[in-house]
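Below is one structure, written out as structure tokens, with a few remarks after it.
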There are 2 protein chains.
Amino acid sequence: MVQKKKEPGVVAKPEVSTEPKRRGRPRAYAPDVAIGQALALFRKGGFAATSLDDLSEVTGMNRPSLYGAFGDKRALYIKSYQRYRDDYTVKVLEIFKADIDIRERLRRFFDTALEIYLTGEEPRGCFTVMTVASDAIADPDIRELVYRGFADVDDAFGWCFRTAIKRGEMPDTVDVVALSQMASATLFSLSIRARAGVPRAELDVIVKGAIALVCGSTR
Amino acid sequence: MVQKKKEPGVVAKPEVSTEPKRRGRPRAYAPDVAIGQALALFRKGGFAATSLDDLSEVTGMNRPSLYGAFGDKRALYIKSYQRYRDDYTVKVLEIFKADIDIRERLRRFFDTALEIYLTGEEPRGCFTVMTVASDAIADPDIRELVYRGFADVDDAFGWCFRTAIKRGEMPDTVDVVALSQMASATLFSLSIRARAGVPRAELDVIVKGAIALVCGSTR
DNA sequence: CTTTTTTTGTACCATTTCGCATTAAATCCC
DNA sequence: GGGATTTAATGCGAAATGGTACAAAAAAAG
């Protein structure tokens, strides 16, 4: 979820401004908008249950245009997933800049995640979890992306706890890896329960309990 | 995952023994075996990505027979899911009979879960999670089953911790609900990471860390 | 204005999918 | 053996699906 040192390349580079005058017929769509709409649809039903017709309808692009712009369904799914991760990353990075203690940082982290998981008319959960839980995980490329997703989240939590130790909020005897794993597990739990329809109030209880357990065990 | 008092109705009642001499042409399949094969296939690809032809092939039944025996694809999915839960319940119930301390009980619980999640040539993860993460969760009946699944697991862990308190292994000041939620979250995490292909050794580390955190914080 | 380039939109194709109607087979009851 | 009953097997059909060919359209370049 966060890189070691360098600021990551946020979303796609904004080459939109003053486009270099393309040659042929102008596009009737904005690629990044279309990807966002495709992502929303994939997040609803997953890979297999989302048809190209559905995607064509929601993006307003007809199938040949979809194909020409993004490639086949699999390629579009991967692009959608990368978009999801980029959006997620941008939001989480905010939390790392703030000068706050571990409890507040975790609270904001989980809140941000819930905000994403509860997106849309109905809660969608985490797209990474959806991907793993589908047949898409059989694809090596997608599997690789998912692995990076796991590692980023674990690393992000690891950074949180190491920072807390440096700030003297936790003893340096705590098991950072174990704490990070528990925080990640909480994220999974929130994602799954959110998508299943568990009301926000219950999810907030889980967040509180997790923070208390993870931070409280250190004093 | 476990009922309050009564022994739950294990799998399907064994009405197989000395069947009451059916009238017409005998079945060429055993319904419970076919459900098991269907479950295995659904666990691989999920609802949408699993076709009736696939199910027909794996069960050895042709489509009309499948349809006549179990109803449409949705009905077959629900029956498969119930089978999954029944199998899970049977295994977990064993753990509750044993006279062991909380650490050992949790360890066996997680081990049993991993055994299920790692089923097959490739790890399959938890079928409940797969169901939630798919479009199947839009179905009210399926959603109801999933909710019961959540509640059963939470209750099972709750029973574990309350028993530990009674046995004097934990102070009665611990937040049983929060601990149960963390244990459930660990289960989700194991399910997702297992299906994504995380090797067993890493999963065992997560189990150890979770037990240490959940039990260790009480002393 | 003509050519070139790029995208759009219509139509099409091969395959898959779900479901069912119909016929053939196997067993029991009389 | 003859009829009744239940299941198996073949195959049809309508719809959906992923993907593509091809011509029309819209813009820049010459």
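Only this structure's heavy atoms are used, side chains among them; waters, hydrogens and symmetry mates stay out. Letters A, B, ... are given to chains in the order of the sequence lines, protein chains preceding strands, and every chain is numbered from 1.
Rounded to an integer number of Å, the gap from CG of A:Leu76 to C1' of D:dG19 is 14 Å. Rounded to a whole Å, the CE atom of B:Met61 is 15 Å from the P atom of D:dT10. If you take CZ of B:Arg25 and C1' of C:dA26, they are 5 Å apart, rounded to a whole angstrom. As a whole-Å value, the separation of A:Tyr67 OH from C:dT10 C1' is 19 Å.
Comparing C:dT27, C:dT10, D:dA8 by their nearest atom to the side chain of B:Pro26 picks out C:dT27. Comparing D:dA8, C:dT7, C:dC20 by their nearest atom to the side chain of A:Arg27 picks out C:dT7. For B:Asp72, whose side chain is taken as the heavy atoms from C-beta onward, the closest listed nucleotide among C:dG19, D:dG18, D:dT7 is C:dG19. Which of C:dT8, D:dA8, D:dG19 sits closest to the side chain of B:Ser65 comes down to D:dA8. Comparing C:dT7, D:dG11, D:dG18 by their closest approach to the side chain of B:Pro64 singles out D:dG11. The nucleotide whose nearest atom lies closest to any side-chain atom of B:Arg63 is, among D:dG19, D:dA8, C:dC18, C:dC18.
Taking the side chain as every heavy atom from C-beta outward, A:Arg193 and B:Phe188 approach each other to under 4.5 Å.
No hydrogens or angles were tested; on distance alone, nothing pairs the side chain of A:Arg23 with the base of D:dA27 as donor and acceptor under 3.5 Å.
Side-chain contact check for A:Thr112 and A:Arg108: no donor-acceptor pair (N or O, by modelled atom type) lies under 3.5 Å.
Centroid-to-centroid, the aromatic rings of A:Tyr88 and A:Phe127 stay 6.0 Å apart or farther.
Taking for each of B:Leu52 and A:Ala28 the nucleotide of DNA chain C with the nearest heavy atom, the 5'-most of the two is the partner of A:Ala28.
At the phosphate of C:dT8, neither OP1 nor OP2 sits under 4.0 Å from any side-chain N or O atom of A:Asn62.
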